[in-house]
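Encoded as structure tokens, the structure appears first; notes follow it.
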Amino acid sequence: MTKANIREQEAYSVFLEDFRPKRATLRNIVVAFLVGGLICTIGQGVLTFILSKGIPLKQAYVLTSSVMVFAGALLTGLGVYDRIGSFGGMGAALPITGFANSVVSPAMEYKREGFVLGVGAKMFQVAGPVIVYATLTATIVSIIKLYVF
Amino acid sequence: MQFHRRGTSTCVFEDMPVVVSAAAVVGPREGKGPLGDTFDMVYSTTLLGETSWEKAESKMLRQAVDLALAKAGLEESDVDFLIAGDLLNQIISSAYMAREYDIPFLGIYGACATMSEGMGLGSFLVGGRFARYVLVASSSHHDAAERQFRYPTEFGHQRPPTGQWTATAAGAVVLGAQGKGPRIESVTIGRVQDYGVTEPNDMGSAMAPGFADTVWRHLQDMARQPEDYDLILSGDLGRIGSVVGRQLLRKKGIVIDEIHQDAGVILYDPSPEVGAGGSGCGCVASVFAGKVWKELYEGQYKRVLLVATGALHSPTACQQGESIPCVAHAVSIVSGDH
Amino acid sequence: MPYVRAFVVGGLLCAIAQAAMDLTKANPAIIMVSAVSMGAILSGLGLYAPLVEFAGAGATIPLPGFGHTLVTGMLEDAAQWGIFGILTGGFKAVSAGLLSAVLFGYLMAVLFNPKG
């Protein structure tokens with residue numbers, strides 16, 4: 001038996017505490033703020049442009065999302081978005097451009113396994129859970145909103 | 001019958017197998033690192049002109065084997081066994097490499113410990129007079145490992161500072177019953193150690209107890225002190241695991257700080273992307289086959305203990321909440337003129 | 001001024017997500033799932049609509065905006081058709097985002113190869 005018992009495991013985990021490097025949390029948060037803020041500002045620019053063409057607000061928001069998804073997808077295709085992501089962390093992942101990155105990166109990666117079982121099957125490998133839980137939560141919230149309030 | 005064993009885990013050779021030749025090939029990032037000029041070949045792209053990461057890795061491994069054979073001046077028919085392993089599922093890089101050679105093949109998996117596991121097994125075959133020459137090779141490819149163990153390569157995410165960067169590299173050595181070169185005097189096969197580390201982004205901490213146990217057993221079995229070695233080369237503990245491993249040994253009264261180096265630490269210049277250092281079967285394989293073998297051959301090192309450490313988990317096991325079992329194997333090598 | 005508001009609110013949402021990831025050491029997928037669910041919940045509490053009013057793209061571009069759009073769509077249709085509106089309204093509202101993701105995702109996969 002070379003698997004450590006619970007007591008040894010706990011002792012080892014305490015022992016490790018001294019050696020763990022601290023994450024650069026403050027730096028990461030500031031960078032996420034800047035990168036995320038910048039992406040949203042670009043989005044606002046797109047929105048303003050679309051509105052200036054006389055498109056109603058609701059449709060303009062929808063169109064802005066599509067434009068940003070396209071931008072994220074293209075930057076992923078060009079091999080740039082993974083760098084933005086490793087620099088900006090959640091600042092790059094949370095905007096819808098990051099959502100696009102999470103769809104395009106597996107689609108590209110698994111193309112070598114074919115267009116059906118590769119691209120088709122793996123496209124939502126990362127983004128799938130987001131859609132599943134967004135749908136579930138939204139449904140529950142809406143039902144509560146309808147019947148409780 | 002007389003057994004060539006000492007202590008709990010160490011096998012010693014009466015006729016020491018010779019590491020006749022060694023070859024290391026690496027990808028562009030490794031080529032730009034501090035050890036860049038110690039490798040036999042540096043590729044300028046990570047795809048190597050192939051159509052997938054997996055094919056690229058297999059090609060790299062084949063290249064390392066070809067170079068090792070050529071440097072030893074041997075033909076395929078001179079080699080009695082080919083032992084190889086890598087990180088990909090079903091060790092495909094090795095199998096697809098082996099189909100190109102007319103040599104009996106043994107595929108092995110020891111994660112990042114594969115190289116010393118292979119050299120150990122190869123020494124048994126040569127030392128036991130079952131083979132004239134044995135080829136041992138192992139490889140890893142950053143992008144192939146990334147898509148298998150983590151995320152698609154173009155997915156943008158931040159690496160934690162404890163994470164390690166899988167090296168795009170391959171190393172191969174030829175072991176022979178005779179010839180010129182460094183000789184393998186003993187092999188210590190490690191036991192699987194699991195101290196309950198569940199975080200695959202912190203493999204150094206998971207592997208450190210395995211490393212410490214194997215080094216301790218080796219020194220006990222051989223009745224030696226760390227000073228008897230010029231270098232203890234661990235394979236891919238990384239910056240954190242190295243410190244933890246040394247500290248664990250210190251608790252047993254063994255101080256190796258001065259002579260210990262880690263392949264994962266010396267392969268790259270520090271950067272946030274690389275995190276705690278390099279990892280992958282190819283990391284320690286290429287550092288040994290490149291830098292360390294040459295220095296042994298030229299006599300700069302008299303005795304080196306190669307201790308490759310492997311984290312034997314899979315994404316499936318980790319997602320199911322399992323901790324990471326780890327193993328380390330030690331191979332003691334003395335320079336030619338010993 | 002709308003640009004500053006978009007920058008600050010969008011940046012803050014990302015900063016909160018980053019803080020959550022660094023402090024809990026969770027993987028990005030879990031943070032993204034939590035963020036989108038939080039958006040839906042805040043929307044239900046009536047807090048997200050004012051944020052969109054205030055920050056525009058700064059509130060709709062980050063993932064919580066996706067959860068908000070889903071809830072808004074469901075409730076809009078539900079106002080007309082009752083409970084069945086929940087079945088029809090959600091994906092109608094996010095259709096453009098999802099369709100673009102599939103379409104452009106596929107297109108890029110055809111056009112480009114990963115560079116590693």
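Computation of the quantities below employed the complete heavy-atom set of this structure, encompassing side-chain atoms and omitting hydrogens, waters and symmetry-equivalent molecules. Protein chains get the first letters and strands the later ones, always in sequence-line order, with residue 1 at the start of each.
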Heavy-atom contact with chain A under 4.5 Å, split by part of [X]:
X: C:V4; result: neither
X: C:A55; result: backbone
X: C:S37; result: both
X: C:V9; result: neither
X: C:I86; result: side chain
X: C:V94; result: neither
X: C:I83; result: both
X: C:F91; result: side chain

Close approach to chain C in residues 60-67 of chain A, criterion heavy atom under 4.5 Å: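 Within residues 60-67 of chain A, the residues that come under 4.5 Å of chain C (heavy atoms only) are A:Y61, A:V62, A:T64, A:S66.
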Heavy-atom pairs under 4.5 Å with chain A: which of [options] has the most?
options: C:G89, C:A79, C:P2, C:A93; answer: C:P2
options: C:G73, C:A19, C:S43; answer: C:A19
options: C:V102, C:L111, C:L23; answer: C:V102

Winner by heavy-atom pair count (cut-off under 4.5 Å) against chain C, out of [options]:
options: A:V126, A:L47, A:L26, A:L38; answer: A:L38
options: A:V104, A:T25, A:I131; answer: A:T25
options: A:G79, A:G45, A:G120; answer: A:G45
options: A:L78, A:L57, A:L136, A:N101; answer: A:L78

Between [X] and [Y], what is the shortest heavy-atom contact and its length?
X: A:F99; Y: C:L98; result: CZ-CD2, 4.4 Å
X: C:C14; Y: A:G91; result: CB-CA, 3.7 Å
X: A:M68; Y: C:I61; result: CG-CD1, 3.6 Å

Is it the side chain or the backbone of [X] that comes within 4.5 Å of chain C heavy atoms, both, or neither?
X: A:N28; result: both
X: A:T48; result: side chain
X: A:I29; result: both
X: A:V130; result: both
X: A:Y147; result: side chain

Quick one: CG on C:L75 to CD1 on A:I143, what's the gap to the nearest 0.5 Å?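 The CD1 atom of A:I143 is 10.5 Å from CG of C:L75, to the nearest 0.5 Å.
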Keeping the roles fixed (side chain from C:Q18, backbone from A:M90), state whether a donor-acceptor pair exists under 3.5 Å.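 Here the side-chain-to-backbone pair exists.
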I'd like to know if the side chain of A:Q44 and the backbone of C:Y3 have a donor-acceptor N/O pair within less than 3.5 Å.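 No, because the side chain of A:Q44 does not come within donor-acceptor range (under 3.5 Å) of the backbone of C:Y3.
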Before giving the answer on side-chain contact (heavy atoms from CB on, under 4.5 Å), spell out for A:K145 and C:M74 the whole-Å C-alpha distance, their side-chain angles and the decisive distance to 0.1 Å. CA-CA 10 Å; A:K145 203 69 179 155; C:M74 286 176 179; over 6 Å; no
Could you tell me whether the side chain of C:F112 reaches within less than 4.5 Å of the side chain of A:L74, counting heavy atoms only?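 Sidechains of C:F112 and A:L74: in contact.
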